[in-house]
Amino acid sequence: MKILEVMAASSVLNQRQHVGLQTLSALSGITTQFLGPTKTYKIIQDDATGESALVSSCYRVLENLELTCAVGQLVYETVGAHHRIYKTGSGCLLFMAGAWSRVALECLHRGIPIAHIISAMSEGMDICLSVCKLCSIPNKELYSTPKAQPNESIVKDSASHQLSSNKNQRKLKLSRHFQQPNCENISMIPNLNSENQNLTAIARTLSHGYSEAMDLVIKASQIQSEKDLTFDIDKISTCLLPCSAEIWNCVLPGCIVPVCPEKALIARNLEKQDLKVALIDGHLTSTYRHLGYNKPKGLQHVSEVSSSDNHEEEWLECIVRLILNLEVNLLLISGIADGKLKDHFWKHNILVVEKMKLSVLKTFAMSTGTILVSYATQLNSKCIGTGVTVNIWKDLSNFANKSNHESFLNLSTIEKGGLVTVVLSSWIQGKLQSEEDAFLACAYRLHWALKDKSLLPGAGVTEMYCIHQLQKQALLYASGHKSVPPINPGTAAGPYTGVVLQLMADGFIDFVMNVMVNTGKYSKVQARTVVVEQLHGLDGSVNSAKMDQIRLKDHQMDSHYGESMICDNLTLKQEVWRKALDLVFLILQTDAEIITGVDQKQLEQRDLIIL
Amino acid sequence: MRLCTMSRLEKKQPARCTDLPLKNADICSKLKILKQLLKSCYGPTGRLKQIHNNIGGQVVTTSTSVVLLPTLSSTEPFINLIRTSIINHISRFSDCGLFAGILCLSLIEEAQLSSLRKDVCQKVNKYLLGLCTSYLQQEDCACKVKVDFNSSHCLIRLAHGVISSKPACVLRESEILHITRLIVQGFLLTVPCDKPGAVKLGRIVTLAVEGLPVMDSTIFPGLLLETPDLSLHLTGLLNCGQLRTIIFTASLAGDLSELGEGTIVVHKGMDVEVQILDQLLKIGEKVVKDEVKLFMCQKVIHPVLQQYLRYHGIVVIERLGINLLEPVIQLTGAQPVATLHSIPPRAYGKVKEITIRQFGSKIMLHLVPTEETAICTLILCHRNETMLNELKVACEKAQHVLRLTLRDQFAVYGAGCSETHLAAYIRYKSKTIDLDTATMFGCMQTEYVLAAEGFCRSLESVTAALDHNGGSSLIDLTHAHHWTLPTDMTTDEMDRTLGLCRCGVVQYCKDYKWSFLNTKYTEFSPAAVSGEADVLDSFTAKVNGLQVAVETANLALDVQYIIQDTN
């Protein structure tokens, strides 16, 4: 039975309230604590099972919540899709969706028709996107011209006012972030070329409070780009090391795989050798068949003489013979290997590594010229690659580890393959996920920065310009909207546009204030005062010259922390805003929920209209 | 010994019978909800509906009848009767589903409200439907335009009308235009030119890419196929003249899955798998000998065969799927092979070149046809899945609407203008009706006028459903087109606020007289107007929608009993 629920929409709208938008606004409360560079953890507890999760990002919260309402699911879908591509920015997305859903609610409350709200908010978005265009700093400028060097955030800018009396304290507080990495770089790779420095400079501006994670990203990029300036995110994998000190965080060329002690023994024998490698995508068992193969159902075997079933034995012999003939030392497989076969290989000093990620296998295939096969029987001399080395990276046999994976092997290619593994460790298992998320967020920020070839001034500066431009345009409308040329001639400027733009600006103010409050240096009131003061300073139009002035001004204020510029990603920010507004538009225009397949019980519980 | 399961006997429930469904309060309220629901979705500013199963399934946000109506199945057969009839219309014409639904439900409601006998309403409805359709078919019909294939204007406006009336796509005007242009371009690509004999229309294959901006959407002649592991296997790309192609529909996985039920008895020493693989490799040898360069299979290809083919420099594509099979056949001209035993010489087709294209994270193989084959691939991009799904539906609809112009080379004025125009036309025609015609329906002249008025009001109620922002709908008393006065404007400011009628063909003129929609006005013969309209609707879909609505309403009025077998 299918049942229709009409969310009593018309009656709700008459009261100038919109349940969907209210839900969105309430949901966005999740994310307020996660904005800005200071990160806090939340614990999500499941009362039913007693399980709990430690989370530090909006996406992970949503992932751990059971959102059954339609709006909740729509939010999760949107944030999930965003996270898959960008790995960062979901908090900002949800916050802005919440802020703008409050704008839409306020507009409805004031009796502005939905079509007008949509066209005015679209115009607001155009204003913000054009601000982004004006504000964007080409990556080159970041390290070439001195005037563009330091662009201080309002957050830090005013922090300097407060703390100028006590410079020592401040230095102490920030020194770890700004000085340590530089020293390390120099010690690690003595002859840094300029391009590497450039990449590092860009990365530094994007750490957003995760400077340790960004250090790892920079190291990974340096390992990848000894020859040319590239940062290939697809070839970076992570290895999580639970129950170990965080000092073990490191970056290594190649990949890291956990293995049992017996395999470590073989690996020890193979260390420092140029190995012959075979790659298999599938299980190495006699019964394994490729994907899409249907085992025959009605097949009967008959024979005159009773013979023992030695099919498996034959298979085993055949494989061992084949591998020995091909002189393969290393077998990397995506599935698992037959136990008896492993014993044979052990005898012959052949290392089998199971459960390899397919993407890693492909990278090995590309860099060694090996052909990936499904069955071992497919192997011939043309499928075998060379130039792979193995060494024991870590032997944890001394530790009381529950799993029998006590050693970690480092598999890498002699020729540069670009494959890099980042090892993340923590004593607290629950924190590992957050650490990995932080690393990936940093890695993807650098990836997108290089793709965009430009950056945005971060730490709220871009948002401040948006607020400024929105308010300016709103004032123009208020002073007599008929004469104002709309930013985009395509959108019809209604009489309400001014009001809506002002409200949108308030949404951004909310955002900037929240970021400031989260730094722990401001109360809400203080934050608001600072924002208002800063806005007064921004008279005139946004153009690149103006931007430079602001930068210079900040530069003078904070010249001794020149390298501490903070930037945001251009495309990422634009996408986050657009997606947030999309969510608001979709929900704003929705007036009913249709629930399919409700049973009789639910019917009685809820106020549904049945069709 | 055989075990018998005890059969469970259950007393049969008596059938449930509902007398005069239209007098049933429950059914009436459900009809009202359905009408309200359809009305609220109608037009470019229509409201969206979130469809979900309340247990964590995907949430669909839509206002499109194609998506909406199938989910609205009711416990009441009477509702489903109407719903099914509209769904049938949509499956044939794609467009005007909501139009037909709203009109049908309005007609039923008008008949209920009037004190007229049902058979009078039915006869008059039928008569007026005939009047409308014959007027629409007339050469000098004032609410249709001839589609001029020499210019793209009409086609663009038709497609634009479909795309812009789907607010769940969340598109800006520039994005709507971009998509519209792609659809028109696609339509033109699928109409083969300079081909003697029977013309076979091509196909647009749509590929959706989530996460990219709408403006990245594009169209390519030829086919784009998503293939995994491209980077691994395609080192040297092929673009040297004609590439010989073969397509298999039989599974090449090396199993016996296609033998069906039954048991095969084999000798112990015989390995069936090896035998089949040998057979597969024989196919491999044959195609290598015949210099095939592109090897495709609808299903799975055994890894050993794949390895063999790739080793010989052949591009291998497996798991094409049933949907892509037909376009691939059309593009290459190959005859699909369904057995493992022999390859007839005429099985081979050809492709001009193969290139790699990348969209977001998707890497695709682009098969370029040797000659114009009317197959093209539309890449649709949007920021999120919900909006992308709606966009996909809207694009399919627009493609269908454009195709319908090949059948009837006409379009009708959109944005409610043709409905108000038709209503005015019927009112004018009804004024001059004589007694004889009235007696033909078995009623008095006044009764006829009452029934005709109900029909006109129903038409106008569809137009009125376009407005969701509290503006007032007007019609001019010259051309009977549809105009909108914004909420906060008075009639004094009309000259400033009313520039063009909703479909954009009539310009504001001081001398026009005005009437609010659904208020009485003196009958007049609506005058023709010339000019280019901004909003056009599909002629074919609208005429059929009109017929479906009236006939369904008449059928619904006819229902005396509903007998439901509850077992």
Side-chain angles (χ1 to χ4, degrees), chain A residues 1-2 4 6 9 20 66 68 70-71 73-74 77-78 81 85 113-116 122 289-296 298-303 307 362 365-366 371-375 377-378 382 490-491 495 575 578-579 582 585-586 589-598 602 609-611, chain B residues 30 33-34 37 40 45 47-56 58-59 61 71-76 79 167-168 170 172-174 210-211 229 231-232 253-257 261-269 272 299-300 302-304 307 311 319 383-387 468-470 487-488:
Chain A
M1 180 171 58
K2 286 184 180 174
L4 168 85
V6 178
E66 247 178 63
T68 47
V71 171
Q73 277 184 51
L74 199 60
E77 270 172 30
T78 309
I85 300 173
I114 290 176
H116 289 282
S122 305
R289 293 294 176 273
H290 57 273
L291 207 70
Y293 178 93
N294 296 309
K295 297 234 164 86
L299 201 63
Q300 273 181 10
H301 288 277
V302 288
S303 61
S307 61
K362 282 179 185 169
M366 291 290 276
I371 294 172
L372 193 59
V373 295
S374 300
Y375 297 108
T377 45
Q378 279 177 269
K382 289 176 190 88
T491 55
E575 277 299 296
R578 277 207 200 104
K579 281 174 181 158
D582 287 339
F585 282 175
L586 277 178
Q589 293 181 88
T590 302
D591 69 344
E593 263 179 61
I594 293 167
I595 302 172
T596 56
V598 177
Q602 277 175 299
I609 299 171
I610 315 155
L611 191 72
Chain B
K30 281 179 181 172
I33 297 166
L34 185 62
L37 203 81
S40 68
T45 59
R47 300 286 178 259
L48 314 178
K49 307 287 169 274
Q50 284 172 340
I51 305 167
H52 62 113
N53 61 5
N54 218 22
I55 45 165
Q58 207 204 1
V59 184
T61 306
T71 65
L72 289 179
S73 73
S74 165
T75 48
E76 198 51 71
I79 304 288
V170 196
R172 346 269 323 260
E173 186 54 34
S174 55
E210 188 190 327
D229 301 347
S231 48
L232 276 180
D255 55 21
L256 292 164
S257 63
E261 295 294 308
T263 317
I264 306 158
V265 182
V266 289
H267 192 271
K268 189 90 190 176
V272 182
K299 293 166 188 164
V300 178
H302 197 288
V304 173
Q307 190 187 12
Y311 177 71
R319 298 169 210 239
R383 292 182 293 277
N384 80 38
E385 198 188 351
T386 309
M387 304 185 304
H468 302 276
N469 291 313
T487 20
D488 42 357

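Each chain gets a letter, A, B and so on, in the order the sequences are listed, and its residues count up from 1. Source: prediction; values computed, not measured.
Looking at A/Ile114 and B/Thr45, their side chains never come closer than 4.5 Å, going by heavy atoms from C-beta outward. Side-chain contact check for B/Ile51 versus A/Thr596: some heavy-atom pair is nearer than 4.5 Å.
Contact annotation for B/His302: both backbone and side-chain heavy atoms come within less than 4.5 Å of a heavy atom of chain A. Contact of A/Tyr293 with chain B is made through backbone and side chain together, with heavy-atom distances under 4.5 Å. Both the backbone and the side chain of A/Leu586 come within contact range of chain B, each with at least one heavy atom under 4.5 Å from a heavy atom of that chain.
With sequence neighbours left out, the side-chain contact (heavy atoms from CB on, under 4.5 Å) criterion links B/Glu385 to B/Gln58, B/Glu210, B/Asn389. Applying the side-chain contact (heavy atoms from CB on, under 4.5 Å) test to B/Pro167 and every residue at least two apart in sequence or in another chain returns A/Gln589, B/Leu48, B/Ser63.
Note on B/Val304, B/Ile79, B/Thr61: by heavy-atom pairs under 4.5 Å with chain A, the leading option is B/Val304.
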